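Everything below concerns the one structure shown next.
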2 protein chains.
Amino acid sequence: MTGFIPMPELDAIDRKILSHLQADSRLTMQELADKVGLSVSPCHRRVKLLEERGVISRYVATVDQKALGLHVSVFISIKLARQKEEDLNRFARAISKWDEVLECYLMTGNRDYLLRVVAADLASYETFLKTKLTRLDGIASIESSFALSQVKYSIALPV
Amino acid sequence: MTGFIPMPELDAIDRKILSHLQADSRLTMQELADKVGLSVSPCHRRVKLLEERGVISRYVATVDQKALGLHVSVFISIKLARQKEEDLNRFARAISKWDEVLECYLMTGNRDYLLRVVAADLASYETFLKTKLTRLDGIASIESSFALSQVKYSIALPV
DNA sequence: CGCGATATTGGGATATTTTACCAATGGAAC
DNA sequence: GTTCCATTGGTAAAATATCCCAATATCGCG
C-alpha cells in the first residue's frame, strides 16, 4: 500500500459530517455546516480532506429497484472445486464484470462465496444462471435463496 | 397507493442518466448532459422528473468501511418461532432501528431472515448479539456466517 | 501560568453550477 | 402538408462551491 495517506483520527465533527452525508449528499455546505456546528469554510475543508483520504469514497444516486422492474433478489451460495488463490481470483474477476451481481463476499464456513444478485423476474434470473454463472469453470455447487422482500437496505455505515 | 405518480417508460436517455448518476452523482448537469447527448436544460428536467417520481430515491456519500475501522462483516440467518404477520412486523421494526444492520431480507426456504451486519471487531459483534439480537422475543435460531473479504460491493442496479 | 508554534476556524470575494423562463424544434396524427 | 403536443436548447438570474487570508484556538514546553 504505497499510496496510503494517513488519516488522523476522525473527531466528533468528522463523524457528524460522514453521518449526514451518508444520509443525504445533496446538503449544501451551508446546511451541513449548520448541522455540525461549523461555518462553511472549515466544514468544506473537512469534507475535501475526507474525500482525498478516501474516507468518503464516492457520491452516488440510489435508484428504486421496483421502478426498474427488478423484482427478484437472490442470494447465491457458491462452492468452488478448488480454493487456490488463482481460482479465487478468476472467480472474482468474472463476477465483477456482471452488473446483476451487486455484492459478493468470500466467506468462512461451508461455502466459499455469497452473492447478492438482482433480476427482472425468474426467467431472466434463469438466463443469468445458464448463460453466466454455470458456465464458469471450477464451480462445485450453486445454491439459490430467494428474498421475498427487502426489510432494510442501508448504505450508511455506523459512525 | 394514492400518492402514486405514474412513471412513463424509461427511454434510453433516462437509463443513461440513471447509469451515470449511480456511478457518480457529483457530475455537473453539463457533464451529465454531454454524456447522454443532450443540452443542460432537458437533461436537468429529466433528472428532476426521475427524482419526483421516485426512480431516483436519494443521493448519498459512500464511506470506506476500513477507514471507519469496521473490520467485521457478518451474515446472519434467523428463524422466528412463529411467522405471523405481527411477529414479522415486530422483528422488522426492531432491526430497522439498529445501525449495525445494513441489510435485512425476508427469505424463502429454511430461514426467515437474512441480515448483513457490520462491526468493528468480534468483540463488538458479540456485544451486538448479546445486547440486541438475542434479546428479541420470538427468535428460534440464529446462525452467523463471517465474510473474509468483500469481493464486490455495488449500489448500481443494472439499467 | 505564559509563551511561541501549529493547526483550525470564519468571513468575504470569485468562479461554478443550478435552476427557471421562453422561444424553437421535431414527431405523430390526420 | 398542417396542426398539436412533447421535448429541446439558450440565456440569465439565483444559489452554491471554492479559494484566500486574517483571526482564533490548541498544544507543547519551559
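Predicted, not measured: the structure shown is a model, and the values here were computed from it. Side chains are part of it too, since the values below use all heavy atoms of this structure and drop only hydrogens, waters and symmetry mates. By convention in this document, chain letters (A, B, ...) are assigned in the order of the sequence lines, proteins followed by strands, and residues within each chain are numbered from 1.
- For the pair B/V60 and A/L21, the minimum side-chain heavy-atom distance is 4.5 Å or more.
- Between the CG atom of A/D24 and the P atom of D/dT16 there is a distance of 13 Å, rounded to whole Å.
- If you find the closest nucleotide of DNA chain D to B/I13 and to B/R26, the one lying nearer the 5' end belongs to B/I13.
- Of the possible polar contacts, one joining the A/D87 side chain to the A/K84 backbone as a donor-acceptor pair under 3.5 Å is found.
- When each of B/Q150, B/Q65, B/R116 is tested with B/S73 by the rule side-chain hydrogen bond (donor to acceptor under 3.5 Å, both in side chains), just one qualifies, namely B/Q65.
- For DNA chain D, none of the residues of residues 16-23 of chain B falls under the heavy-atom distance limit of 4.0 Å.
- For A/Q30 and D/dA15, the CD to C1' distance is 12 Å, given to the nearest whole Å.
- To the nearest angstrom, P of C/dT17 lies 15 Å from OH of A/Y59.
- Rounded to an integer number of Å, the gap from A/M29 CE to C/dT17 P is 14 Å.
- Atom-to-atom distance recorded for A/L32:CG and A/R26:CZ is 14.5 Å, nearest 0.5 angstrom.
- Atom CD of A/Q83 sits in a crowded spot, with more than 12 heavy atoms from other residues, nucleotides or ligands closer than 6.0 Å.
- In the helix from C/dC1-D/dG30 to C/dC30-D/dG1, the rotation axis of the first five pairs and that of the last five pairs differ in direction by 40°, rounded to 10 degrees.
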Scan the side chains in residues 117-128 of chain A for donor-acceptor partners under 3.5 Å anywhere in the protein, sequence neighbours excluded, and list what turns up.
residue: A/D121; atom: OD1; partner: A/A123; partner atom: N; Å: 3.2
residue: A/D121; atom: OD1; partner: A/S124; partner atom: N; Å: 2.8
residue: A/D121; atom: OD1; partner: A/S124; partner atom: OG; Å: 3.1
residue: A/S124; atom: OG; partner: A/A120; partner atom: N; Å: 3.2
residue: A/S124; atom: OG; partner: A/D121; partner atom: N; Å: 3.2
residue: A/S124; atom: OG; partner: A/D121; partner atom: O; Å: 3.1
residue: A/Y125; atom: OH; partner: A/S144; partner atom: OG; Å: 2.6
residue: A/E126; atom: OE2; partner: A/K130; partner atom: NZ; Å: 2.7
residue: A/T127; atom: OG1; partner: A/A123; partner atom: O; Å: 3.1

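- Criterion: ILVMFWY side-chain heavy atoms under 4.5 Å apart, direct or through other members. Under it, A/L114 and B/V74 are not part of a common hydrophobic cluster.
- Atom NZ in A/K48 sits about 14 Å away from atom P in C/dT16, given to the nearest Å.
- Scanning residues 31-46 of chain A for heavy-atom distances under 4.0 Å to DNA chain D yields A/V40, A/S41, A/H44.
- The side-chain hydrogen bond (donor to acceptor under 3.5 Å, both in side chains) test applied to A/D24 returns no partner, not counting sequence neighbours.
- With a 4.5 Å cut-off on side-chain heavy atoms, B/T62 and A/I155 count as touching.
- With hydrogens and angles disregarded, no donor-acceptor distance shorter than 3.5 Å links the side chain of A/K79 to the backbone of A/I142.
- Residue pairs meeting the ring pair (Phe, Tyr, Trp, His ring centres under 6.0 Å) criterion with at least one partner in residues 37-91 of chain A, sequence neighbours excluded, are A/F75-B/Y105, A/F91-A/Y113.
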